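Working notes, beginning with the structure itself.
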Amino acid sequence: MSRSSSSWRELSRSFGSAAAAYERGRPSYPPEAIDWLLPPGAQTVLDLGAGTGKLTTRLVERGLDVVAVDPLAEMLEVLSAALPDTPALLGTAEEIPLADNSVDAVLVAQAWHWVDPERAIPEVARVLRPGGRLGLVWNTRDERLGWVKDLGRIIGHERDPFNHEVSLPAPFADIERHHVEWTNYLTPQALIDLVASRSYCITSPDEVRTQTLDQVRELLATHPALAASTGVALPYVTVGIRATLAQ
């Protein structure tokens with residue numbers, strides 16, 4: 001699917017209708033991964049494609065000056081309710097509503113695959129200060145565990161962005177990749193919300209979406225590792241890619 005196609009844009013903007021489920025079900029990011037993405041001495045950070053603020057919250061907790069940008073007002077409403085003092089602006093990676101040379105780092109969590117890199121790279125370079133950093137991060141389910149692999153059969157297996165499909169061209173250099181293994185603990189209902197917040201589930205016909213969620217409920221009720229449990233331990237591999245803006 002071409003990233004410039006109307007169907008791709010429609011899919012990327014589908015999350016607004018499921019903002020509450022997104023906030024309830026999606027995981028945050030491990031501190032080690034965030035530390036690795038941030039450049040030394042960074043103070044002003046743009047969370048680009050901030051969504052409901054999963055990464056934004058972790059950055060604010062560090063005492064950083066954070067600006068959140070997202071194309072969906074519904075997502076930013078959830079973010080602003082939790083972080084009323086954090087600037088939250090409508091915008092995209094292709095049209096960032098910030099001044100030139102205004103931030104030390106641009107972080108993009110769970111969103112770079114939705115952007116047009118040919119337009120986004122110059123925009124990110126424009127708002128970064130010389131020597132600033134672009135950091136990309138994704139949470140991917142670790143499907144080496146039996147029930148997580150079974151979940152993937154229902155909702156689709158994860159694509160691993162740690163492979164070299166993602167590249168960052170000039171003016172970025174010193175590209176590095178990193179991963180962190182960790183576990184997110186959530187309730188069975190939050191797992192349902194996680195699935196319900198996936199773009200393919202949001203945009204599926206009602207009967208398909210209902211069938212998918214029913215299959216996840218059946219997995220929760222019948223899998224030996226999950227049945228009768230009040231909590232779910234979902235293993236993740238968080239994948240990071242960072243690059244520095246050439247001076």
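The structure presented is a predicted model; accordingly, all values stated were derived computationally and were not measured.
- The closest side-chain heavy-atom distance from L220 to V232 is below 4.5 Å.
- Within the 4.5 Å cutoff, the side chain of F172 has heavy atoms near those of the L245 side chain.
- The two residues I241 and L37 have their closest heavy-atom pair at O-CD2, 3.9 Å.
- Atom CG in L151 sits 7.5 Å away from atom CD in E143 (nearest 0.5 Å).
- Judged by distance alone, the side chain of R209 and the main-chain N or O of A196 form no donor-acceptor pair under 3.5 Å.
- Residues I154 and L219 meet the side-chain proximity criterion, which asks for heavy atoms closer than 4.5 Å.
- The side-chain heavy atoms of R133 and P40, taken from C-beta on, include a pair separated by under 4.5 Å.
- Put simply, CG on L79 and CG on D47 are 7.5 Å apart, with the number rounded to the nearest 0.5 Å.
- No more than 12 heavy atoms of other residues, nucleotides or ligands lie within 6.0 Å of CD in E218, so this atom counts as exposed by the packing criterion.
- R217 has its side chain within reach of I192: a pair of non-hydrogen atoms, C-beta onward, lies under 4.5 Å apart.
- Residues W182 and N139 are in side-chain contact: their nearest non-hydrogen atoms beyond the backbone lie under 4.5 Å apart.
- In this structure, the separation between SG on C201 and CD on Q211 is 11.0 Å, given to the nearest 0.5 Å.
- The CG atom of L46 lies 12.5 Å from the CG atom of L64; values are rounded to the nearest 0.5 Å.
- Around atom CD of Q43, more than 12 heavy atoms belonging to other residues, nucleotides or ligands sit under 6.0 Å away.
- Atom CD1 in I96 sits 11.0 Å away from atom CZ in R119 (nearest 0.5 Å).
- Nearest heavy atoms, P188 versus T230: CD-O, 3.4 Å.
- Within a 6.0 Å sphere centred on CD of E118, heavy atoms belonging to other residues, nucleotides or ligands number 12 at most.
- Counting heavy atoms from C-beta outward, E32 and H178 have side chains that approach closer than 4.5 Å.
- Atom CG of residue L59 and atom CG of residue D65 lie 11.0 Å apart, to the nearest 0.5 angstrom.
- With contacts defined as side-chain heavy-atom distances shorter than 4.5 Å, the pair T52/R26 does not qualify.
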